[in-house]
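Below is one structure; the comments refer to it alone.
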Amino acid sequence: MMLEKKPGVAEEAFAGALERYLGETLHERIRVRPFSQAGSLPAFLTRTYSLYETSIYGHRCVFLAAAKLSATPSDIAKHVALVGSKINAIVVFAAPSVSAHNRSRFINQAISFVVPGNQLYIPDIAMDLREHFRAP
C-alpha cells in the first residue's frame, strides 16, 4: 500500500495563491495542479513538500512547496536536484516567505524559487522578477 498525502486547506490555499501570482505576473493563464508523478519520488520528499506542476511558456515546472522554511538552502538544493534527476521538468522551490539572506543563497546556488506576491526566480527560463514595496 502506497502512502498518499492528501492536500489540506492550507496546501490548497497556497496552490491557489501560487496560481494567481504566476498568472498575474506572467499575464498568462496558469493552472497549478497536484503533481501526478509523486509516487516516483522518495517518500521523504512527498512528506516534506506539497508537490504541484504547471507549464510556463511551454516548460514543464514542478513546485516543491513548503508551508514553512525548515530546511537549509543547501538541503533544498539537494532536494531540487534529486527531483530533477527523477523527472524531466524544471524544479522550483516554493514557500510563502523566504528571508533576504536565504533568497540570496538560493540565487547564488541558482535554485529556482517562487514566493507568491514577492519574487519569482527561474533562471532556466530566464525569469527574475521581484516586487519591492517602499514603506510610506
Side-chain angles (χ1 to χ4, degrees):
M1 180 177 190
M2 193 183 293
L3 295 175
E4 189 173 311
K5 180 180 174 183
K6 296 196 183 220
V9 174
E11 287 92 355
E12 289 176 2
F14 183 75
L18 181 61
E19 186 172 274
R20 279 188 304 281
Y21 177 67
L22 292 171
E24 291 168 4
T25 303
L26 303 175
H27 304 285
E28 182 102 0
R29 179 157 161 55
I30 303 290
R31 184 170 171 258
V32 174
R33 58 197 177 280
F35 180 53
S36 62
Q37 296 175 308
S40 67
L41 299 176
F44 83 91
L45 289 173
T46 59
R47 286 191 307 266
T48 304
Y49 301 101
S50 297
L51 291 106
Y52 304 102
E53 65 183 318
T54 193
S55 178
I56 299 176
Y57 299 130
H59 298 275
R60 181 178 182 214
C61 296
V62 173
F63 295 92
L64 298 181
K68 61 181 179 169
L69 186 60
S70 56
T72 66
S74 295
D75 288 337
I76 292 167
K78 290 174 191 172
H79 299 164
V80 165
L82 181 58
V83 173
S85 72
K86 302 275 185 190
I87 60 168
N88 184 23
I90 296 168
V91 182
V92 182
F93 174 71
S97 65
V98 175
S99 71
H101 175 71
N102 283 338
R103 271 196 307 268
S104 177
R105 290 177 66 191
F106 289 147
I107 292 169
N108 287 339
Q109 294 181 44
I111 299 169
S112 297
F113 70 96
V114 61
V115 178
N118 194 358
Q119 188 166 4
L120 174 67
Y121 177 75
I122 308 176
D124 292 331
I125 49 180
M127 290 190 176
D128 184 3
L129 306 170
R130 305 167 206 210
E131 296 182 25
H132 300 282
F133 301 97
R134 294 182 184 217

Task: Separation of Leu26 CG from Tyr57 OH (nearest 0.5 Å) - done: 4.5 Å
TODO: Output the distance between atom CZ (Arg60) and atom CD (Glu53), rounded to the nearest 0.5 Å.
DONE: 5.0 Å
Task: Any Arg105 side-chain heavy atom under 4.5 Å of Ile76 side chain - done: no
Task: Flag side-chain contact, heavy atom, 4.5 Å: Tyr21 against Leu120 - done: yes
- [ ] Decide yes or no for Pro96 and Phe14: does some side-chain heavy atom of the first lie under 4.5 Å from some side-chain heavy atom of the second?
- [x] yes
Task: Neighbour count above 12 (heavy atom, 6.0 Å) for Asn108 CG - done: yes
Open item on the list: What I'd like to find out is whether the side chain of Val114 reaches to under 4.5 Å of the side chain of Gln119, using heavy atoms alone.
Closed with: no
TODO: May I ask you to check whether His79 and Phe44 place their ring centres under 6.0 Å from each other?
DONE: yes
Task: Point-to-point distance, once rounded to the nearest 0.5 Å, from OG of Ser85 to CG of Leu41 - done: 9.0 Å
Task: Non-hydrogen atoms of Arg20 and Ala13 that approach each other most closely - done: NH2-O, 4.5 Å
Task: Any Val92 side-chain heavy atom under 4.5 Å of Val62 side chain - done: no
Task: Point-to-point distance, once rounded to the nearest 0.5 Å, from OG of Ser36 to OH of Tyr52 - done: 14.0 Å
- [ ] Run the numbers on Tyr121 and Phe106 for ring-ring contact (aromatic ring centres under 6.0 Å, His included), then give the verdict.
- [x] CA-CA 9 Å; Tyr121 177 75; Phe106 289 147; 9.2 Å; no
TODO: Answer yes or no: are there more than 12 heavy-atom neighbours, outside Arg29 itself, under 6.0 Å from its atom CZ?
DONE: no
- [ ] Heavy atoms only: give me the nearest Val115-Ser97 pair and the separation to one decimal.
- [x] CG1-CA, 3.9 Å
Open item on the list: Counting C-beta onward and ignoring hydrogens, is there a side-chain heavy-atom pair between Val83 and Phe93 closer than 4.5 Å?
Closed with: no
Open item on the list: Can you tell whether the side chains of Arg31 and Glu19 come within less than 4.0 Å, N to carboxylate O?
Closed with: no
TODO: Calculate, to the nearest 0.5 Å, the distance between atoms CG and CG belonging to Leu51 and Leu45 respectively.
DONE: 7.5 Å
Open item on the list: What I'd like to find out is whether the side chain of Val80 reaches to under 4.5 Å of the side chain of Ser112, using heavy atoms alone.
Closed with: no
TODO: Identify the heavy atoms of Thr46 and Ala38 that sit nearest to each other, and give their distance.
DONE: CG2-O, 3.5 Å
Open item on the list: Checking the side chain of Thr25 only, and the main-chain atoms of Leu22 only, is there a donor and an acceptor separated by less than 3.5 Å?
Closed with: no
- [ ] Compare all side-chain heavy atoms of Phe35 with those of Phe63 and state whether any distance is below 4.5 angstrom.
- [x] no
Open item on the list: Distance check, rounded to the nearest 0.5 Å: Ile56 atom CD1 versus Ile122 atom CD1?
Closed with: 4.0 Å
